[in-house]
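Heads up, the thing below is written out as structure tokens.
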Amino acid sequence: MASWSPDSPCSCDCFVSVPPASAIPAVIFAKNSDRPRDEVQEVVFVPAGSHTPGSRLQCTYIEVEQVSKTHAVILSRPSWLWGAEMGANEHGVCIGNEAVWTKEPVGEGEALLGMDLLRLALERSSSAQEALHVITGLLERYGQGGSCLEDPAPFSYHNTFLLADRTEAWVLETAGRLWAAQRIQEGARNISNQLSIGTDISVQHPELRTHAQAKGWWDGQGAFDFAQVFSLTQQPVRMEAAKARFRAGQELLQQWQGGITAEVMMGILRDKESGICMDSGGFRTTASMVSVLPQDPTQPCVHFLTATPDPSRSVFKPFIFGVGVAQAPQVLSPTFGAQDPVRTLPRFQTRVDRRHTLYRGHQAALGLMESDQDRGQQLQKKQQDLEQEGLKATQGLLASEWAPSLQELGSLFQAFVKRESQAYA
């Protein structure tokens with residue numbers, strides 16, 4: 001199974017701001033999901049559920065044991081798979097994942113994708129730390145592996161994760177079944193397709209150091225630097241590019257230290273010069289997310305999702321868990337059941353059209369922006385106005401200037417998706 005080549009796609013960027021880096025008393029999470037440019041991401045709401053003891057759960061490739069209760073989640077995911085690139089749950093836990101390659105070889109067989117681990121953790125945890133334990137427990141039991149692209153040529157990688165809740169964040173970096181994690185209780189942090197935890201390890205796999213010693217990667221003397229010990233000696237070109245994005249992300253976070261807001265994070269995700277807003281050959285930012293997680297537990301968490309590619313020309317739409325939450329049909333891709341190319345063996349021998357309604361309208365709008373400057377500017381102004389309306393409404397909510405019903409909160413995302421779809425009609 002292919003692991004990587006110098007030209008293999010491998011880019012995403014995750015960010016988090018923990019007070020006092022944030023301008024408000026809230027943890028702020030953000031991610032750009034960079035994937036093949038024609039891949040569709042849908043935004044899926046999954047309600048909380050109760051499950052029969054001993055039942056099994058089908059993930060993208062393998063089954064795992066289901067738990068008795070799962071939390072409600074909102075997911076941004078490539079529409080062909082079960083897991084997600086990023087998402088949040090009703091308890092204010094947010095997670096984003098990234099591809100990474102290390103000295104530990106990528107397995108040949110199908111197991112849990114990093115995106116499956118992400119969704120499982122959101123469904124099963126009520127804090128970032130608990131989510132970390134869920135991921136590492138599943139990693140130990142089932143491993144990670146399987147093709148991460150909807151393509152007949154297999155493409156696999158290991159994963160790093162950024163996990164956040166109302167009070168703190170964690171960076172979790174893996175190498176096969178091994179892992180190291182760093183706790184972030186203040187300040188800003190980012191990850192970009194490379195190992196970034198050095199000697200500041202908060203918790204680790206019990207066999208991490210003995211394994212590194214047995215492989216001859218560490219002599220057992222002095223400080224143990226996880227990134228230095230486990231990173232590939234010869235980095236592919238795209239991994240070097242990830243280093244540049246990582247440094248650019250650090251600089252942007254530092255520039256806004258103490259003043260980071262949802263809008264600032266959106267601006268960072270839209271930064272094309274750094275490559276954080278990706279558009280390179282067959283690869284681009286296919287969806288984006290920003291979440292505001294107030295430290296005050298009486299205030300709702302607000303999650304902004306695009307459901308469309310290129311955040312510089314997309315609308316971040318607010319989602320809040322509430323009584324009236326339901327699936328927005330305009331951002332749900334068609335399904336193909338047992339005939340789906342991911343379900344038939346050998347996998348991915350055919351292609352299907354997974355575009356949802358908003359994606360189709362957005363693609364037409366992008367074409368208009370490029371072919372008709374005047375109409376394109378009018379459309380972009382509509383996008384900006386709609387986004388500002390959502391930002392102002394949620395800012396008013398967090399400042400106690402707007403007191404909507406739980407029903408209104410739950411239907412907020414649906415309303416904004418509907419209005420954006422109408423703008424493209």
Side-chain angles (χ1 to χ4, degrees), residues 12-22 27-31 93-104 114 117 121 125 127-137 139-140 158-213 215 217-233 235 239 242-258 260 293:
C12 280
D13 297 281
C14 292
F15 304 86
V16 70
S17 172
V18 181
S22 307
V27 173
I28 303 175
F29 168 93
K31 179 182 176 180
V93 179
C94 295
I95 310 177
N97 80 306
E98 311 226 351
V100 70
W101 291 266
T102 71
K103 291 176 183 174
E104 197 66 20
L117 290 165
S125 63
S127 71
Q129 188 170 23
E130 187 179 6
L132 184 148
H133 292 320
V134 169
I135 291 174
T136 55
L139 197 58
E140 182 69 29
H158 292 157
N159 291 266
T160 64
F161 302 88
L162 183 60
L163 312 94
D165 60 25
R166 291 177 181 269
T167 62
E168 64 181 10
W170 286 82
V171 174
L172 169 63
E173 300 184 337
T174 73
R177 281 182 162 84
L178 303 173
W179 54 270
Q182 179 188 18
R183 193 176 199 172
I184 313 296
Q185 294 181 293
E186 62 176 25
R189 182 72 154 84
N190 62 312
I191 58 174
S192 297
N193 301 112
Q194 59 189 300
L195 298 181
S196 61
I197 298 174
T199 58
D200 48 354
I201 300 171
S202 303
V203 62
Q204 64 190 18
H205 189 285
E207 298 173 10
L208 183 69
R209 300 188 188 207
T210 54
H211 180 83
Q213 247 184 303
K215 289 286 188 179
W217 301 336
W218 182 55
D219 62 8
Q221 303 298 312
F224 179 82
D225 186 311
F226 175 68
Q228 187 177 72
V229 170
F230 275 84
S231 291
L232 290 164
T233 306
Q235 299 278 3
M239 292 289 277
K243 289 182 182 179
R245 291 198 334 276
F246 177 70
R247 289 192 297 268
Q250 281 183 315
E251 290 169 5
L252 287 165
L253 289 174
Q254 183 59 41
Q255 177 184 327
W256 288 97
Q257 194 81 217
I260 297 174
L293 315 174

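Note that the structure is a prediction, hence the values are computed from the model and not measured.
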- Item | Distance-minimising heavy-atom pair for A131 and A121 | O-CB, 3.8 Å
- To the nearest 0.5 Å, tell me how far S17 OG sits from I260 CD1. 3.5 Å
- Nearest heavy-atom neighbours spanning L232 and T102: CD2-O, 3.4 Å
- Message: According to side-chain contact (heavy atoms from CB on, under 4.5 Å), who are the partners of Q254, at least two apart in sequence or on a separate chain?
- Response: Q257
- Note on the structure: When rounded to the nearest 0.5 Å, the distance separating CG of L162 from SG of C12 is 12.0 Å
- For W256, does the CH2 atom sit with more than 12 other heavy atoms under 6.0 Å from it, leaving out its own atoms? no
- Student check: side-chain heavy atoms of N193 and R245 closer than 4.5 Å: yes
- Donor-acceptor under 3.5 Å (E168 side chain, A128 main chain): no
- Do T174 and H205 have side chains that get closer than 4.5 Å, going by heavy atoms? no
- Item | Side-chain touch W179/V203, heavy atoms, less than 4.5 angstrom | yes
- If we only count heavy atoms from C-beta on, is the F15 to L252 side-chain gap below 4.5 Å? no
- Query: How many angstroms lie between atom CG of L208 and atom CZ of F224, to the nearest 0.5 angstrom?
  - Reply: 4.0 Å
- Query: Would you say the side chain of S231 lies within less than 4.5 Å of the side chain of Q194, judging by non-hydrogen atoms?
  - Reply: no
- Message: Any heavy-atom pair between the side chains of N190 and Q250 that's under 4.5 Å?
- Response: yes
- Taking all non-hydrogen atoms of both residues into account, name the closest pair between S125 and V134 and its distance. CB-CG2, 4.5 Å
- Give the minimum heavy-atom separation between F29 and G96, together with the two atoms involved. CZ-N, 3.5 Å
- Message: Within this structure, what is the CZ-CG distance for the pair F161 and L139, rounded to the nearest 0.5 Å?
- Response: 7.5 Å
- Message: So V27 and P19, do their side chains get closer than 4.5 Å, heavy atoms only?
- Response: yes
- Query: With sequence neighbours excluded, what pairs up with R189 under the side-chain contact (heavy atoms from CB on, under 4.5 Å) test?
  - Reply: V16, V171, Q182, I184, I191, S196, I197, F246
- Hits for side-chain hydrogen bond (donor to acceptor under 3.5 Å, both in side chains) against E130, two or more places apart or cross-chain, chain-then-number order -> S126
- Partner residues of E251 under the side-chain contact (heavy atoms from CB on, under 4.5 Å) criterion, sequence neighbours left out: none
- Message: Please check if the number of heavy atoms outside Q228 that lie under 6.0 Å from its CD is greater than 12.
- Response: no
- Can you check whether A21's main-chain N or O pairs, donor with acceptor, with E186's side chain at less than 3.5 Å? no
- Message: If we ignore hydrogens and angles and just use 3.5 Å, is the side chain of S192 paired with the main-chain N or O of A242 as donor and acceptor?
- Response: no
- Message: Measuring from atom CH2 of W101 to atom CG of L195, what distance do you get when rounded to the nearest 0.5 angstrom?
- Response: 11.5 Å
- Message: Suppose we screen for side-chain contact (heavy atoms from CB on, under 4.5 Å). Which residues come up paired with T199, at least two apart in sequence or across chains?
- Response: A223, D225
- Note on the structure: Distance col, row W218:CH2 vs T210:OG1, nearest 0.5 angstrom, shows 9.5 Å
- Message: Which residue is it: H211, H158, R177? I am looking for the one with a side chain to side chain donor-acceptor pair (under 3.5 Å) to E104.
- Response: H211
- Message: Which residues pass the side-chain hydrogen bond (donor to acceptor under 3.5 Å, both in side chains) test with T167, not counting sequence neighbours?
- Response: D165
- Item | Sub-4.5 Å side-chain heavy-atom contact between R247 and K243 | yes
